[in-house]
Peer 1: 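Handing you a structure now.
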Amino acid sequence: MTGRQRFILSIVLIMSAFIGFIVIEAYHLYSSSEKKSVPILFNQYYRLVKKNPIEAKRALELILQQDPQQNKAIQELSYWYLRQGDTKSALAFLREKHQQFPNNV
């Protein structure tokens with residue numbers, strides 16, 4: 001086997017491993033995310049918040065579907081809106097949560 005063939009083979013192996021990793025991550029991200037526990041969803045949020053903010057927001061929304069009074073999720077979602085530069089949505093979200101749960105927010 002020549003040096004060029006070894007190089008091409010190593011590139012193919014690296015690409016295969018990378019694609020496999022992507023497929024596994026996508027599976028974990030999208031498989032039954034509705035049934036994941038709150039701590040798992042928070043881990044997902046913190047893992048994704050910088051590299052995929054839309055999916056990170058989805059994790060927070062799933063937490064709030066399971067526990068609408070989850071203070072940390074409410075706080076993080078309002079911060080998420082602020083990081084996106086959407087102060088109007090952050091304020092509207094916090095007002096809505098305060099009306100729903102005046103003693104918690």
Side-chain angles (χ1 to χ4, degrees):
M1 188 178 279
T2 67
R4 180 179 167 94
Q5 289 173 330
R6 280 188 219 155
F7 176 74
I8 291 173
L9 181 60
S10 63
I11 295 295
V12 168
L13 290 174
I14 290 170
M15 292 300 291
S16 298
F18 180 71
I19 290 171
F21 173 76
I22 297 295
V23 168
I24 290 169
E25 280 295 308
Y27 173 77
H28 288 293
L29 183 63
Y30 294 105
S31 67
S32 66
S33 58
E34 315 293 333
K35 299 176 186 173
K36 291 182 182 176
S37 70
V38 169
I40 290 173
L41 288 167
F42 268 120
N43 286 338
Q44 181 176 321
Y45 166 74
Y46 288 118
R47 194 178 76 239
L48 293 171
V49 70
K50 291 188 179 180
K51 61 183 176 180
N52 191 342
I54 301 301
E55 288 302 319
K57 179 185 178 203
R58 180 73 180 128
L60 292 175
E61 290 170 340
L62 290 172
I63 292 168
L64 290 171
Q65 283 178 5
Q66 292 179 26
D67 182 2
Q69 296 185 51
Q70 215 315 321
N71 286 333
K72 186 64 176 170
I74 292 169
Q75 178 184 11
E76 289 296 329
L77 189 51
S78 62
Y79 288 157
W80 185 91
Y81 283 118
L82 293 174
R83 280 191 296 274
Q84 303 304 310
D86 191 354
T87 54
K88 288 182 182 180
S89 292
L91 184 59
F93 173 74
L94 286 173
R95 281 184 179 154
E96 172 190 338
K97 289 299 175 183
H98 182 68
Q99 287 176 351
Q100 290 175 348
F101 314 108
N103 296 328
N104 288 348
V105 180

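The chain is numbered in sequence order, starting from 1.
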Peer 1: If every non-hydrogen atom of F101 is compared with every non-hydrogen atom of P68, which pair is closest and at what distance?
Peer 2: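 Scanning both residues completely, I find the closest heavy atoms to be CE1-O, 3.4 Å.
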Peer 1: Measure from the side-chain N and O atoms of Q44 to the backbone N and O of E55, and report whether any donor-acceptor pair falls under 3.5 Å.
Peer 2: no
Peer 1: Measuring from atom CG of D86 to atom CG of L91, what distance do you get when rounded to the nearest 0.5 angstrom?
Peer 2: 10.5 Å
Peer 1: Looking only at non-hydrogen atoms, find the nearest pair between L82 and A90 and report the distance.
Peer 2: CD2-CB, 3.8 Å
Peer 1: Under a 4.5 Å cut-off applied to non-hydrogen side-chain atoms, are E76 and W80 in contact?
Peer 2: no
Peer 1: If you draw a 6.0 Å radius around OH in Y46, do more than 12 non-hydrogen atoms from other residues or ligands fall strictly inside?
Peer 2: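 Counting neighbours around OH of Y46, more than 12 heavy atoms of other residues, nucleotides or ligands fall under 6.0 Å, so yes.
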Peer 1: Which heavy atom of Q84 sits nearest a heavy atom of P53, and at what distance?
Peer 2: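 Distance-wise, the nearest heavy atoms are NE2-CB, 3.8 Å.
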Peer 1: Search all heavy atoms of L77 against all heavy atoms of K57 and return the closest pair with its distance.
Peer 2: CD1-CG, 3.8 Å
Peer 1: Report yes or no: do I63 and I54 belong to one cluster of Ile/Leu/Val/Met/Phe/Trp/Tyr joined by side chain heavy-atom distances under 4.5 Å?
Peer 2: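 Cluster IDs for I63 and I54 match.
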Peer 1: If you round to the nearest 0.5 Å, how far is CD of E61 from CG of L41?
Peer 2: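 If we round to the nearest 0.5 Å, L41:CG and E61:CD are 11.5 Å apart.
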Peer 1: Can I40 be reached from V38 by stepping across I, L, V, M, F, W or Y side chains whose heavy atoms are under 4.5 Å apart?
Peer 2: no
Peer 1: Do F18 and I8 belong together in a cluster built from hydrophobic side chains that touch within less than 4.5 Å?
Peer 2: no
Peer 1: Between atom CZ of R95 and atom OG of S78, what is the distance when rounded to the nearest 0.5 Å?
Peer 2: 13.5 Å
Peer 1: Kindly indicate, with the supporting measurements, whether the criterion side-chain contact (heavy atoms from CB on, under 4.5 Å) is fulfilled by V49 and Y79.
Peer 2: CA-CA 11 Å; V49 70; Y79 288 157; over 6 Å; no
Peer 1: Any side-chain heavy-atom pair from L94 and I74 closer than 4.5 angstrom?
Peer 2: yes
Peer 1: Got a second to check how far S37's OG is from N43's CG, nearest 0.5 Å?
Peer 2: 8.5 Å
Peer 1: Check A73 against L64 and note the closest heavy-atom contact, atom names and distance.
Peer 2: CB-CD2, 3.7 Å
Peer 1: Could you tell me which residues satisfy side chain to side chain donor-acceptor pair (under 3.5 Å) with R83, sequence neighbours excluded, listed by chain and number?
Peer 2: Y45
Peer 1: Search all heavy atoms of R47 against all heavy atoms of K51 and return the closest pair with its distance.
Peer 2: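 Taking every non-hydrogen atom into account, O-CE, 3.4 Å.
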